[in-house]
Amino acid sequence: QADYATALTGKWHLGYGDEQHPLNRGFDEFYGFLEAFSYFADPRDENIVSHRHDLFWENHIWNKKRKGPSAIQKKGVEIVENRHLTDAITAESIDFIKRQIQGGEDKPFFLLATYNAPHTPFQELREYYDQFPHIQDENRRIYAAMIRHLDDGVGELLSCLDELGIRDNTLILFASDNGGASYTLATENGELAGGKLSQFEGGLEVPFLISWPGRISPGSRFEEPVTLIDMYSTVLQAAEIPLPENRILDSVDLLPYVNKTAQGSPHDVLFWKSGFNLSLRRDGWKLMYNSDKGEFQLYNLMLDRGESTDLSGEYPERARALLQEALELESQCLPPLWPRVMDFEIEVNGKTYLFAT
């Protein structure tokens with residue numbers, strides 16, 4: 001509606017039906033796949049190094065190959081793609097950007113480049129794999145190669161903006177969608193507990209970088225907790241597009257905070273819900289609650305970022321207050337529109353926890 005050219009390159013994972021298709025959800029162009037995963041390349045290619053994980057859902061991923069929603073699409077049509085997907089996503093992204101700037105219209109654009117690297121299946125070009133001979137474990141070696149390849153792709157995107165002379169007037173947001181997938185045994189989350197699919201900090205805390213050379217001082221840091229939902233208001237406000245007034249917005253424009261024209265924290269509270277799991281973070285304290293088991297834990301993240309010590313017994317009143325707030329926020333949530341996939345079991349500090357995913 002604001003006359004931006006819009007494109008999605010990469011992973012969609014928000015539905016397979018016609019109504020959910022990205023071309024029917026506001027994108028002028030789509031290159032990528034609808035599933036959560038797809039082959040990066042044909043594993044039979046001698047230039048590809050692959051590693052399979054012995055996990056039941058990984059068997060499903062390898063069996064899907066590029067069939068059905070894992071097929072590669074361009075403009076709504078399935079295509080045969082011979083490029084490694086990381087290269088293909090980069091190239092399609094650059095092609096879209098150049099057409100907007102060099103195509104005569106000089107039209108403002110919004111590009112969502114959702115690289116699937118380093119998601120499974122682990123597959124990488126041998127030229128990247130060969131850059132890490134010092135890593136003996138093949139699993140971790142391919143993972144490192146996938147990240148190096150992703151880094152190069154992002155670098156190509158930035159170089160494209162420089163070449164076109166639009167870097168200073170382009171807002172870039174870069175983030176991971178979840179913490180490291182520790183179950184692959186290729187990555188870990190340092191001092192943070194848990195990982196992907198859990199609501200421990202290892203699953204929730206992610207890298208988040210914003211670049212806008214014309215508006216944000218290089219090297220700026222903002223330490224208060226934010227959420228990726230904040231991208232919504234940040235992008236709309238930056239583009240001077242009015243925020244919709246017909247809905248409750250949980251997102252906050254981050255640019256005033258990053259530029260220090262706004263003080264304090266963008267959020268008094270952060271809240272997560274997935275099935276029977278609730279988590280709430282306020283003033284450095286975090287409560288995690290499993291409604292199926294009626295169990296909850298309380299952590300002081302300012303003193304215990306690794307969530308090693310449950311303080312619910314020591315601070316029962318604080319735990320009950322945060323639990324009541326979490327339940328109140330849950331009551332405001334709409335019922336899920338689709339079923340969850342599975343229960344995910346993870347061991348943290350010698351105890352097993354279940355998370356709905």
Side-chain angles (χ1 to χ4, degrees), residues 10-11 13 33 35-65 70 83-90 113-156 174-209 305-308 342 344-350 352-353 355 357:
K11 171 179 174 175
H13 200 202
F33 53 96
E35 244 300 1
F37 48 81
S38 181
Y39 271 10
F40 285 89
D42 189 336
R44 297 170 297 182
D45 187 331
E46 61 181 13
N47 294 317
I48 298 297
V49 183
S50 301
H51 178 82
R52 293 186 64 150
H53 298 90
D54 187 20
L55 299 163
F56 77 87
W57 61 84
E58 293 300 316
N59 292 330
H60 171 67
I61 288 174
W62 283 95
N63 290 335
K64 288 289 288 187
K65 302 179 181 179
S70 293
R83 298 171 293 184
H84 187 284
L85 267 187
T86 300
D87 287 331
I89 292 170
T90 299
T114 52
Y115 287 94
N116 50 325
H119 198 286
T120 54
F122 280 12
Q123 296 181 291
E124 192 45 82
L125 294 171
R126 188 167 294 278
E127 64 183 270
Y128 280 96
Y129 177 82
D130 289 345
Q131 294 179 35
F132 296 89
H134 57 286
I135 301 179
Q136 299 300 311
D137 181 82
E138 184 185 75
N139 182 32
R140 295 178 68 91
R141 182 174 177 177
I142 295 178
Y143 191 77
M146 294 173 75
I147 293 175
R148 173 68 61 81
H149 198 171
L150 170 63
D151 284 348
D152 284 352
V154 174
E156 289 184 48
F174 175 92
S176 175
D177 59 347
N178 45 249
S182 52
Y183 56 78
T184 64
L185 303 182
T187 182
E188 54 191 40
N189 292 286
E191 67 176 310
L192 302 181
K196 179 182 177 180
L197 305 183
S198 81
Q199 290 181 8
F200 284 100
E201 291 302 288
L204 300 179
E205 288 196 26
V206 297
F208 187 14
L209 297 93
R305 190 161 172 256
E307 297 170 293
S308 61
M342 63 180 180
F344 177 71
E345 187 176 88
I346 189 170
E347 183 177 313
V348 173
N349 299 321
T352 299
Y353 297 87
F355 288 92
T357 64

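Computed from a prediction, not measured in an experiment: that's the story for all the values here.
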Exercise. Taking only residues two or more places apart in sequence or in another chain, which ones pass ring-ring contact (aromatic ring centres under 6.0 Å, His included) with H53?
Worked result: H51, F122
Exercise. At their closest point, which heavy atom of Y115 faces which heavy atom of V154, and how far apart are they?
Worked result: OH-N, 4.1 Å
For this session: Report yes or no: does D87 contribute a side-chain atom to a donor-acceptor pair with the main-chain N or O of G153 at less than 3.5 Å?
Result: no
Exercise. Under 3.5 Å, is there a donor-acceptor pair between the side chain of E191 and the main chain of G306?
Worked result: no
Seminar exercise, completed: CG (L197) and CG (N178) are apart, to the nearest 0.5 Å, by 7.0 Å
For this session: Could you walk me through whether H60 and F37 pass the ring pair (Phe, Tyr, Trp, His ring centres under 6.0 Å) test, one step at a time?
Result: CA-CA 10 Å; H60 171 67; F37 48 81; 5.7 Å; yes
Residues 41-49 side chain polar contacts: donor-acceptor under 3.5 Å, at least two apart:
residue : atom : partner : partner atom : Å
D42     : OD1  : R44     : N            : 2.9
D42     : OD1  : R44     : NE           : 3.1
D42     : OD2  : R44     : NE           : 3.3
D42     : OD2  : R44     : NH2          : 2.9
D45     : OD1  : N47     : N            : 2.8

Exercise. To the nearest 0.5 Å, what is the distance between OG1 (T352) and CD (E347)?
Worked result: 5.0 Å
Exercise. If you take all heavy atoms of W62 and S50, which pair is closest and at what distance?
Worked result: CH2-CB, 3.7 Å
Exercise. Quick one: OG on S38 to NZ on K64, what's the gap to the nearest 0.5 Å?
Worked result: 10.0 Å
Exercise. K11 side chain to A36 main-chain N or O, any donor-acceptor pair under 3.5 Å?
Worked result: yes
For this session: Take E156 and T90, measure what side chain to side chain donor-acceptor pair (under 3.5 Å) needs, and give me the verdict at the end.
Result: CA-CA 7 Å; E156 289 184 48; T90 299; 5.4 Å; no
For this session: Determine which pairs satisfy side-chain hydrogen bond (donor to acceptor under 3.5 Å, both in side chains) with at least one residue from residues 198-208, sequence neighbours left out, and list them in order.
Result: Q199-S279, E201-R281, E201-K286, E205-R305
Seminar exercise, completed: Heavy-atom closest pair (H149 atom, T86 atom, distance to 0.1 Å) is CD2-CG2, 3.6 Å
Problem set entry | For the student: nearest non-hydrogen atoms of F208 and A175, plus distance | CD1-CB, 4.0 Å
Problem set entry | Closest approach of N189 to G180 (non-hydrogen atoms, all atoms of both residues) | OD1-N, 2.9 Å
Exercise. Is D137 reaching over with its side chain to a backbone N or O of R140, donor-acceptor style, under 3.5 angstrom?
Worked result: yes
For this session: Decide yes or no for L192 and F200: does some side-chain heavy atom of the first lie under 4.5 Å from some side-chain heavy atom of the second?
Result: no
Seminar exercise, completed: Closest non-hydrogen contact found for F355 with I346 is CE1-CG2, 3.7 Å
Exercise. Would a 4.5 Å heavy-atom cut-off, applied to side chains only, mark I89 and N116 as touching?
Worked result: yes
For this session: Indicate yes or no for a side-chain donor-acceptor contact from R141 to the backbone of Q136 under 3.5 Å, with no hydrogens or angles considered.
Result: no
Problem set entry | Test item: S176 side-chain N/O and V206 main-chain N/O as donor-acceptor pair under 3.5 Å | no
Exercise. Got a second to check how far L125's CG is from D130's CG, nearest 0.5 Å?
Worked result: 10.5 Å
Exercise. Counting distance only, does the side-chain N/O of T357 pair as donor-acceptor with the main-chain N or O of M342 below 3.5 Å?
Worked result: yes
Exercise. Are Y183 and K196 close enough that some pair of their side-chain heavy atoms sits under 4.5 Å apart?
Worked result: yes
Exercise. Are R52 and N59 close enough, and set up right, to give a side chain to side chain contact (heavy atoms under 4.5 Å, CB included), and what steps lead you there?
Worked result: CA-CA 8 Å; R52 293 186 64 150; N59 292 330; 3.8 Å; yes
For this session: Evaluate the criterion side chain to side chain contact (heavy atoms under 4.5 Å, CB included) for residue pair T187 and Y143; output intermediate values, then yes/no.
Result: CA-CA 8 Å; T187 182; Y143 191 77; 3.6 Å; yes
Exercise. Does R148 reach the side chain of Q131, with side-chain heavy atoms less than 4.5 Å apart?
Worked result: yes
For this session: Check step by step if side chain to side chain contact (heavy atoms under 4.5 Å, CB included) holds for D152 and Y128.
Result: CA-CA 10 Å; D152 284 352; Y128 280 96; 2.7 Å; yes
Problem set entry | Min side-chain heavy-atom separation S70-Y39 under 4.5 Å | no
Exercise. Run the side chain to side chain contact (heavy atoms under 4.5 Å, CB included) check on H13 and F33 step by step: do they pass?
Worked result: CA-CA 8 Å; H13 200 202; F33 53 96; over 6 Å; no
